[in-house]
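All values below were derived from every heavy atom in this structure, side-chain atoms included, with hydrogens, water molecules and symmetry-related copies excluded. These numbers come from a predicted model, not from an experiment.
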Amino acid sequence: MRRVTVPERGAEALFGTHDENLRFLEEQLKVRIKSHGAELLVEGEPEGEEKAAQVFGQLGDLMKDGYSVASGDVRLAAQLLAQDGGVRIKDYLMQSAVRGGKKTVVPRSLNQRAYLEKIATHDMVFGIGPAGTGKTYLAVAQAVASLLNKSVARIVLARPAVEAGEKLGFLPGDLQDKVDPYLRPLYDALYDLLDYEKVSRLLERNAIEVAPLAFMRGRTLNDAFVIIDEAQNTTTEQMKMVLTRIGFGSKVVVTGDITQIDLPQGRVSGLVEAISVLSGTQGISFVFFDEKDVVRHKLVQAVIRAYEAYGAAQAPSR
């Protein structure tokens, strides 16, 4: 049996809602964990006990240094230690951290770290996977960091305004009022990373532009960090159009979830096609996320797995 003590402040976040992180480690490491305040008793095979002690020991040290543990950190630490028993979680998190304005953003999974590394080393990156995996948020954080350190002169955030059951013409207001709801998640990410006044000033100076994808036609985007979000809803023509807008000194990140395509029946998703057309092209990188990368409520993972299983069962057998 191993006895582990963690800092009292933050212990609740470390253990997870209703001790879900403890239950996760019990399942993964084949151990039993009992908590008594900030003290944990870990019982099982020596290897499982040791890894559990490392998870809580290393994360506890981070907490003492002022690090705020998120729910995904315990899972990430378990993943890393399973791959390399000598890994230093602090080094892993801090080396990959992005200073996105008023907060430091750290990757919460191995794929998230790979994604940030690819964005740093490639001029065109595709982040593909289900909702909640951090595709857009991490890209916006990297874009903000690049703007603040003057690596780029502006940020361009674009989404296709696809009518997913709603008709734009029936929505109230002028054109900007009609498309703003489609762009709201991009604004939300900006406001989470930068002060409201800072975002407003950057928008006024056109240092940040948030616009429907159609507004990109005919332009050349130099010295810009371009994010194309919800790209599964682009058509073939739109995807080719926007990817050929990229000018000198620019970087583009394309994000999307190919399991949630809202295009009219019969239309090919530009993102799905781009995977086939551009895979293997030098200078372009693809990062694929799955339910293990979801950093939202644990039920999101369950929903994704359930739909995947249902889809596989409904698929016609060959």
Side-chain angles (χ1 to χ4, degrees), residues 1-98 104-118 120 127 129-130 132-135 137-138 287-298 300-302 304-305:
M1 180 181 293
R2 295 290 295 269
R3 192 181 301 270
V4 182
T5 302
V6 300
E8 288 189 21
R9 178 175 293 182
E12 186 175 343
L14 184 62
F15 298 166
T17 305
H18 303 305
D19 289 344
E20 63 180 350
N21 290 336
L22 303 186
R23 303 293 82 81
F24 170 80
L25 286 178
E26 285 183 329
E27 182 179 346
Q28 293 295 308
L29 303 178
K30 311 303 180 191
V31 295
R32 289 184 299 279
I33 304 174
K34 295 180 180 179
S35 61
H36 299 281
E39 186 178 76
L40 296 170
L41 297 177
V42 184
E43 186 176 5
E45 294 296 323
E47 183 179 359
E49 289 184 2
E50 174 62 24
K51 285 197 171 149
Q54 283 196 58
V55 168
F56 291 114
Q58 292 201 44
L59 290 179
D61 288 342
L62 275 169
M63 292 162 63
K64 292 174 185 175
D65 292 337
Y67 180 80
S68 297
V69 172
S71 60
D73 287 337
V74 172
R75 295 169 184 265
L76 173 60
Q79 280 184 288
L80 293 173
L81 288 166
Q83 293 183 350
D84 178 5
V87 71
R88 281 174 50 85
I89 307 301
K90 180 177 181 178
D91 291 345
Y92 175 92
L93 292 173
M94 294 304 106
Q95 287 173 4
S96 304
V98 175
T104 298
V105 179
V106 298
R108 303 294 186 184
S109 73
L110 298 176
N111 277 335
Q112 286 193 358
R113 182 182 185 180
Y115 183 52
L116 288 175
E117 290 175 346
K118 295 297 184 184
T133 50
K135 307 181 299 295
Y137 189 82
L138 290 173
V287 178
F288 293 91
F289 298 88
D290 57 33
E291 78 278 356
K292 292 190 296 295
D293 302 300
V294 171
V295 291
R296 294 180 183 170
H297 194 287
K298 65 178 182 179
V300 175
Q301 292 184 338
I304 292 169
R305 287 195 297 267

[Y] and [X], any side-chain heavy atoms less than 4.5 Å apart:
X      : Y      : result
Arg9   : Met63  : no
Leu22  : Phe56  : yes
Asn111 : Thr133 : no

[X] side, atom [atom1]; [Y] side, atom [atom2] - distance, nearest 0.5 Å:
X      : Y      : atom1 : atom2 : result
Arg2   : Lys51  : CZ    : NZ    : 13.5 Å
Leu138 : Arg113 : CG    : CZ    : 13.5 Å
Arg75  : Leu80  : CZ    : CG    : 14.0 Å
Leu14  : Asp19  : CG    : CG    : 10.0 Å

Would you check, one step at a time, whether the test side chain to side chain contact (heavy atoms under 4.5 Å, CB included) holds for Leu25 with Phe15?
CA-CA 10 Å; Leu25 286 178; Phe15 298 166; over 6 Å; no
What heavy-atom pair brings [X] and [Y] nearest, and what distance separates the two atoms?
X      : Y      : answer
Leu110 : Gln79  : CD1-NE2, 4.1 Å
Leu76  : Pro107 : CD2-O, 3.5 Å
Pro7   : Gly60  : CG-O, 3.5 Å
Lys118 : Val287 : CG-CG2, 3.8 Å
Ser35  : Leu40  : CB-CD2, 3.6 Å

Over 12 foreign heavy atoms within 6.0 Å of CZ, Arg88
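Check fails, neighbour count at 12 or below.
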Under a 3.5 Å threshold, yes or no: a donor from one side chain and an acceptor from the other, between Asp293 and Ser109?
yes
Within the 3.5 Å criterion, strictly below it, is a donor on Tyr67 or Asp73 matched to an acceptor on the partner's side chain?
yes
Using the side chain to side chain contact (heavy atoms under 4.5 Å, CB included) definition, which of the options Glu43, Met1, Glu49 pairs with Arg32?
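Among the candidates, only Glu43 passes.
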Backbone of [Y] reached by a side-chain donor or acceptor of [X] within 3.5 Å:
X      : Y      : result
Lys135 : Gly129 : yes
Lys34  : Glu39  : no
Glu45  : Val31  : no

Verdict with supporting geometry, Asp65 and Lys90, side chain to side chain contact (heavy atoms under 4.5 Å, CB included):
CA-CA 10 Å; Asp65 292 337; Lys90 180 177 181 178; 3.2 Å; yes
Go through the steps for Leu59 and Val6 under the test side chain to side chain contact (heavy atoms under 4.5 Å, CB included), then give the verdict.
CA-CA 8 Å; Leu59 290 179; Val6 300; over 6 Å; no
Taking Glu26 first and then Arg23, would you say they form a salt bridge - that is, a charged N and a carboxylate O separated by under 4.0 Å?
yes
